[in-house]
Amino acid sequence: MAAPATRSGMVDSRQPRLGQAVTGIILLVGFVLDAPGVLPVVGVLLGVTAVLGPGFNPYAALFRALRRMKVFPPPRELEEAAPPRFASALGLLFLGAATIAWGLGASGLAWGLALLVAGLALLSATAGLCVGCELYVVARRIVTRGRAPGRVVREEIEAVG
């Protein structure tokens, strides 16, 4: 079965949620094992997503592999990729600050920032509430003064059959 045609800039909502789950778990494991090397590594992964988009994220490769293995069925809807990209940029910002804090000897602050990112990532992955995505929507409303013509936030996909 061929994949349905989709708009550019749209993403299967399960893809960023999988990435958020992996991000949260890696950061929690890093905290438990006191492995500060995860801070810049996860930050770079989030930076790649923020700059190049979710399709270039290593988590996206994992998602595509799981789709090929039929772990995930075809999506019923797509959503705009910009909010998760913005959330990734915020994660990069916080993990960058955490990395700098660690380098300056403020390990408590570093892990506090990392655990904040982990908690928000896991909240998004499990409950579907992406705080960074919601901040993107608020910022877009402020910048456009409530007008964002031609923007699609969600797109239903018709079953191809």
*Asks:* Nearest heavy-atom pair of Arg14 and Pro74: which atoms, and what distance?
*Replies:*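 Nearest heavy atoms, Arg14 then Pro74: NH2-C, 3.6 Å.
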
*Asks:* In the single-linkage hydrophobic clustering (I, L, V, M, F, W, Y; side-chain heavy atoms under 4.5 Å), do Val143 and Val137 co-cluster?
*Replies:*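 No, no single cluster joins them.
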
*Asks:* Linking I/L/V/M/F/W/Y whenever any side-chain heavy atoms sit under 4.5 Å apart, do Leu62 and Leu28 land together?
*Replies:*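 Yes, it is one cluster - the side chains of Leu62 and Leu28 are joined through contacts under 4.5 Å.
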
*Asks:* Evaluate the side-chain proximity of Leu45 to Val22: yes if any heavy-atom separation is below 4.5 Å, no if none is.
*Replies:*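 Not touching, per the 4.5 Å side-chain cut-off.
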
*Asks:* Check for me, please, whether Phe72 and Met69 land in the same ILVMFWY cluster - side-chain distances under 4.5 Å, paths through other members count.
*Replies:*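 In one cluster with Phe72: Met69, yes.
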
*Asks:* With side chain to side chain contact (heavy atoms under 4.5 Å, CB included) as the criterion, how do Phe63 and Asp12 come out once you've worked through the C-alpha distance, each side chain's angles and the decisive distance to 0.1 Å?
*Replies:* CA-CA 10 Å; Phe63 181 78; Asp12 181 339; 3.4 Å; yes

*Asks:* Which donor-acceptor pairs under 3.5 Å do side chains of residues 94-103 form with protein atoms, sequence neighbours excluded?
*Replies:*
unit_1: Thr99; atom_1: OG1; unit_2: Leu95; atom_2: O; d: 2.8

*Asks:* Determine, using the 4.5 Å side-chain heavy-atom cutoff (strictly less than), whether Leu33 and Leu27 are members of one ILVMFWY cluster.
*Replies:*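 Yes; tracing contacts between hydrophobic side chains, which count when under 4.5 Å, links both residues.
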
*Asks:* What is the minimum heavy-atom distance between Pro84 and Ala81, and which atoms define it?
*Replies:*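 Shortest heavy-atom separation between Pro84 and Ala81 comes out as CD-O, 3.1 Å.
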
*Asks:* Is there a side-chain contact between Pro83 and Glu134 in this structure, where contact means two heavy atoms from C-beta onward sitting under 4.5 Å apart?
*Replies:*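 No - every pair of side-chain heavy atoms lies 4.5 Å or more apart.
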
*Asks:* Can you get from Val38 to Ile25 by hopping between Ile, Leu, Val, Met, Phe, Trp and Tyr side chains that sit under 4.5 Å apart?
*Replies:*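 Yes, same cluster.
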
*Asks:* Once rounded to the nearest 0.5 Å, what's the spacing between atom CD of Gln15 and atom CZ of Arg17?
*Replies:*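 Reported to 0.5 Å precision, the distance equals 13.0 Å.
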
*Asks:* Might you point out which heavy atoms bring Ser88 and Thr49 nearest each other, and give the distance in Å?
*Replies:*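 Where Ser88 meets Thr49 most closely, the heavy atoms are OG-CG2, 3.4 Å.
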
*Asks:* Start with the C-alpha gap between Thr23 and Tyr59, add the side-chain angles, then the distance that decides, and say whether side chain to side chain contact (heavy atoms under 4.5 Å, CB included) holds.
*Replies:* CA-CA 9 Å; Thr23 294; Tyr59 302 151; 3.1 Å; yes

*Asks:* Quick one, Leu92 with Val51, criterion side chain to side chain contact (heavy atoms under 4.5 Å, CB included). Give me CA distance, side-chain angles, the key distance, then yes/no.
*Replies:* CA-CA 11 Å; Leu92 167 63; Val51 173; 6.0 Å; no

*Asks:* Once you round to the nearest 0.5 Å, how far does CG of Leu90 lie from CG of Leu135?
*Replies:*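 It is 6.5 Å, given to the nearest 0.5 Å.
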
*Asks:* Which pairs of donor and acceptor atoms, one on a side chain in residues 108-132, lie under 3.5 Å apart (sequence neighbours left out)?
*Replies:*
unit_1: Trp111; atom_1: NE1; unit_2: Asp34; atom_2: OD1; d: 3.3
unit_1: Ser124; atom_1: OG; unit_2: Gln20; atom_2: OE1; d: 2.7
unit_1: Ser124; atom_1: OG; unit_2: Gln20; atom_2: NE2; d: 3.2
unit_1: Thr126; atom_1: OG1; unit_2: Leu122; atom_2: O; d: 2.7

*Asks:* List the atom of Glu80, the atom of Arg140, and the distance in Å for their closest heavy-atom pair.
*Replies:*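 That closest heavy-atom pairing would be OE1-NH1, 3.0 Å.
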
